[in-house]
Amino acid sequence: MSRYNAKETEPKWQAKWAEMGVFEVKPDDRPKHYVLEMFPYPSGNLHMGHVRNYSLGDVVARYMTAKGKNVLHPMGWDSFGLPAENAAMEKKINPKDWTYANIARMRDQLKKIGFSYDWTREFATCDPEYYGQQQAMFIDMMEAGLAYRKNAVVNWDPVDMTVLANEQVENGRGWRSGALVERKELTQWFFKISEYSQELLDAIDGLKDWPEKVRLMQKNWIGKSTGLQFKFKTNDAPEGFEELEVFTTRPDTLFGASFAAISCDHPLAKSLETNAEIKAFNEECRSIGTSEEALEKAEKKGFDTGITVTHPFHPDWKLPVYIANFILMGYGTGAIFGCPAHDQRDLDFARKYYLIVTPVVCPEDQNADDFTVGDEAYVGPGRMINSRFLDGMEIEDAKAEVTKRIAADGMGEGVTQYRLRDWGVSRQRYWGCPIPVVHCEKCGVVPEKKENLPIRLPEDVSFDKPGNPLDRHNSFLVCDCPKCGAEARRETDTMDTFVDSSWYYARFTAPHAETPTDAEAADYWMNVDQYIGGVEHAILHLLYSRFFARAMQKTGHLPKKAIEPFNALFTQGMVTHETYATKGTDGRNVWRTPDEVRIADGAATLIETGEAVEIGPVIKMSKSKKNVVDPEDIIDQYGADTARWFVLSDSPPDRDVEWTAAGADAAWKHLQRVWRLASELFDAGGTGTDDDNADLERAMHIAIDDVSKGIESFTFNKSVAALYQLTNAIAKSDADADLRREAMRVMAKLMQPFVPHLAEEVWDAMGGEGLVTGADWPVFDPSKVEDDSVILPIQVNGKRKDEIKVAKSATKDEIEKLALANATVQRILDGAAPKKLIVVPGRIINVVI
RNA sequence: GCGGGCGUGGCGGAAUCGGUAGACGCUGCGGACUUAAAAUCCGUUUCCCGAUUGGGAGUGGGGGUUCGAGUCCCCCCGCCCGCACCA
């Protein structure tokens, strides 16, 4: 009996699949199914998180193929981005060379795992053939008014000389340089995602197969609120500021207003900066503006401008106007009126500056005459008080009434506000998709001619100075104006890498097309039926992709049906591992890799020195904590199937899975056992009894049903358990040898999505025809699992005491008689009669005494 | 603070139209095979008392509905994740 040798077997079958092109697909008569996993950034090393993500996708893809679908399952590379520039600076390598070398390495790693990708469709976002098409779409989006330039305040890193995304600012400092981030006004390119705010929000309800959590996160991110936007008349304000426009979701509380407040970035606040005190205050506000943690602790602070506004319903009622540090310019109008009694922030502010607190909403259980607000604003329901014509109304009616009167006076109107802001896509970086426009002195900003695309990144660039090397690359910079032909200057900003990943799913449907997409191919393959990836992309990537699908549809690059790119989304959990640390000389933790540590009897020591190692918490595998297991090592040691089996076992796919050496070993042992069973059966003879045969058939069909259900419900751990059970059943079975071989072939088919190499080997050994990859999924026959008798548990007062076997056809009366005749029941009853007898046929018997 | 999720043996987890709690796997323990080990196979593994037969407790805690609750309802406790001065 031979041992299963994964090292020889796996490459053999991988070569066979490649040779036969079994994963290469084109449109045909079968129903299509598009399975996509979030493509990786080519850092150079595949990690366990990738293995898990792609194993999950592979299960779905292989299963759907077996079920008769025409499955598109592509893979590519999200290959633009900062790490390549860092590598260029540190190692003096060209970003392109570094990136493509990484891709070659990772492609090799992926191929070793045997994923069912159609490699003919592979591309990298840094391929000019890809980003050139992206540039073409950018131009179309400019024409459609979806891409535009505007002045905006951005996070500017003065050391790296680039814009940083909000996520790249940590405690007010650049994540890489550590420099204090500045707020800088720059002219930037934007995508008009805000035009789709309402639609993106509404369509979330249709995303039935997305996790509820992600749908909520997107809803919150879009952040719709409805309210009243209106203008106050100002007094003693500088010229041009005769009115102050504010937004509120609580127009009902207008009679409780005691101040107005504006952002330090509000034009009015800026115009007052001729006053040195105000200038200093504004700058103080701005300095804490970027750090969210600072915001939490920051005290409510204001500066009384001396300006007042007149209450819209009372010409003599003047409210002071403050510049306040808690007002954001980016939301609403950057100005509010404060009603301290019913808003906590306003209340904190009012208490600090001794402003009036007038309650205008009275809870139903309070007396209007003596209802007061202490340190906690009242935000609950109630009736209006102290509000003239609103008194006695419900809040909602009061909101409507105020809105109606303000609108009638022409001072404002009801509006809807969104938190979602337009997507700033300009990056002052080299390794990204060049924005295909030209700056001409005469013609202004002109899009490049499409026949000149792609605008290629120059390769002869140097990173010896900070900033964007494109800015000092003359042959890139100097160009002809596409409109007038005069000498002009090329845009040097590149696109945010999130743009690259916002449409790659569409490109996969026709990766070599001369246009961004091919109408026929997109029509056949879109939408993605199952998208799988990490929850960390719940907002940005997924929202941008949803926007892009709409933008592409508007510019004619996607069919209307593909307006939502991903029909179903699954977010998988992380791969975690214990952490190991020794104490350094300075008392700090020195992290150790699992390779460096030996664990015996629950205690860990350093292999090299025998030094004691502290076992730390189980957390996501990360380079910084060194708690990583390299998939390549596992493949070398055990084979790809073992890695796949492990990451699919035990934990449900949406939860974290802890990688352990013991678990990997156990996975390997199981696969060995399956192979051993197969080889024992290879030339086994013998017949079994009818009962033995029926039992094995039952086990087979239970497994078919359970494995299928597990896959379809994304609880692959249950499918794995079902496969274990079938293995046990075959091992114990005394059925006919032919039937056992048949069971083994069924198991090969059921295993194929999980451990395809072993499945092929078993299939081959058991005389299966052709490849098991692509073979039809076994059909579940319910009649094989039925039994003509059933075991019913007997409870006494709800506690299980015994069980009886009864014919399935037994009537309630017959079951009752059998139950009462049961020895255990008789003993407990001790001659007494039961109070009640519950019989649920096929389920349970409960004797109540 | 707001929103969401979760709490089941030593561990990962099964069991949700209310119906045998702990499938399956890991670990541990015992045994077989072996000169020995590895590998493999068999048994056992929720806890407590008896210690064979049996009895009791048990799904974070407390209460409720029900013949019957991990599952439904109410009140607590704890953990995790996301968002966070959004007017």
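Side chains included, hydrogens not; waters and symmetry mates left out as well; all remaining heavy atoms used. We name chains A, B, ... by the order of the sequence lines, and we start the count at 1 in each one.
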When the [atom1] atoms of [N] and [M] are considered, how many whole Å apart are they?
N	M	atom1	value
rC42(B)	rU8(B)	C1'	29 Å
rC49(B)	rC67(B)	P	35 Å
rA15(B)	rG25(B)	P	16 Å
rC81(B)	rG13(B)	P	16 Å
rG64(B)	rG55(B)	C1'	28 Å
rA57(B)	rG70(B)	P	13 Å
rU27(B)	rG9(B)	C1'	12 Å

Applying a 4.0 Å non-hydrogen cut-off, can you work out what [X] is touching in the nucleic acid: base, sugar-phosphate, or nothing?
X	result
Lys669(A)	sugar-phosphate
Gln725(A)	sugar-phosphate
Asn728(A)	sugar-phosphate
Lys801(A)	sugar-phosphate
Thr248(A)	sugar-phosphate
Leu792(A)	nothing
Arg827(A)	sugar-phosphate

Nearest-Å distance for atom pair [atom1]/[atom2], residues [X] and [N]:
X	N	atom1	atom2	answer
Leu542(A)	rG82(B)	CG	P	16 Å
Met329(A)	rA87(B)	CE	P	16 Å
Asp706(A)	rA15(B)	CG	P	10 Å
Trp221(A)	rG4(B)	CH2	P	19 Å
Ile815(A)	rG19(B)	CD1	P	18 Å
Asn797(A)	rG19(B)	CG	C1'	15 Å
Ile838(A)	rG18(B)	CD1	C1'	13 Å
Leu328(A)	rA87(B)	CG	P	10 Å

Proximal nucleotide (of [options]) relative to the [X] side chain:
X	options	value
Arg843(A)	rC85(B), rC17(B), rC67(B)	rC17(B)
Asn325(A)	rC85(B), rG25(B), rA87(B)	rC85(B)
Arg419(A)	rA87(B), rA23(B), rA84(B)	rA84(B)
Arg421(A)	rC86(B), rC26(B), rU20(B)	rC86(B)
Ile844(A)	rU20(B), rC81(B), rG4(B)	rU20(B)
Val840(A)	rG54(B), rA84(B), rG19(B)	rG19(B)
Tyr331(A)	rA87(B), rA84(B), rG3(B)	rA87(B)

Could you check which nucleotide pairs with [N] in any of the strands shown, counting Watson-Crick or G-U wobble with both distances under 3.5 Å?
N	value
rA69(B)	none
rA15(B)	none
rG30(B)	rC42(B)
rG7(B)	rC77(B)
rG82(B)	rC2(B)

Respond yes when some side-chain nitrogen or oxygen of [X] is under 4.0 Å from OP1 or OP2 of [N], and no when none is.
X	N	result
Arg673(A)	rC41(B)	yes
Arg250(A)	rA87(B)	no
Asn717(A)	rA14(B)	yes
Lys836(A)	rC67(B)	yes
Thr715(A)	rA14(B)	no
Tyr724(A)	rG25(B)	no

Quiz item: With a 4.5 Å limit on heavy-atom distance, are the side chains of Val402(A) and Asp252(A) in contact?
Solution: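 Answer no - side chains too far apart.
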Quiz item: Within a strict 4.5 Å, meaning less than it, do heavy atoms of the Leu268(A) and Ile307(A) side chains meet?
Solution: yes
Quiz item: Quick one: which of Met747(A), Met751(A), Lys732(A) gives a side chain to side chain contact (heavy atoms under 4.5 Å, CB included) with Thr727(A)?
Solution: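 Considering Met747(A), Met751(A), Lys732(A), a side chain to side chain contact (heavy atoms under 4.5 Å, CB included) with Thr727(A) is found only for Met747(A).
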Exercise. Report the residue (Ser651(A) or Ile539(A)) whose heavy-atom-nearest nucleotide on RNA chain B is the more 5′ of the two.
Key: Ser651(A)
Quiz item: Nearest nucleotide by nearest heavy atom, which residue falls closer to the 5' end of RNA chain B, Asp656(A) or Ala335(A)?
Solution: Asp656(A)
Quiz prompt | Donor-acceptor under 3.5 Å (Ser55(A) side chain, Arg644(A) main chain) | solution = no
Any salt bridge between [X] and [Y], counting N to O under 4.0 Å?
X	Y	answer
Glu396(A)	Lys399(A)	yes
Arg52(A)	Asp656(A)	no
Arg698(A)	Asp695(A)	yes

Quiz prompt | Cation-pi check, Lys300(A) onto Phe349(A) ring (under 6.0 Å, within 45° of axis) | solution = no
Exercise. For the residue pair Tyr353(A) and Tyr322(A), categorise the inter-ring angle as parallel (less than 30°), tilted (30 to 60°) or perpendicular (more than 60°).
Key: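 Ring orientation, 0 to 90° scale: tilted.
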Quiz item: Between the base of rC85(B) and the side chain of Lys300(A), is there a donor-acceptor distance below 3.5 Å?
Solution: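 Answer yes: a donor N or O sits under 3.5 Å from an acceptor.
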Self-check item: Chi class for rG5(B): syn within 90° of 0, otherwise anti
Solution: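 This nucleotide is in anti.
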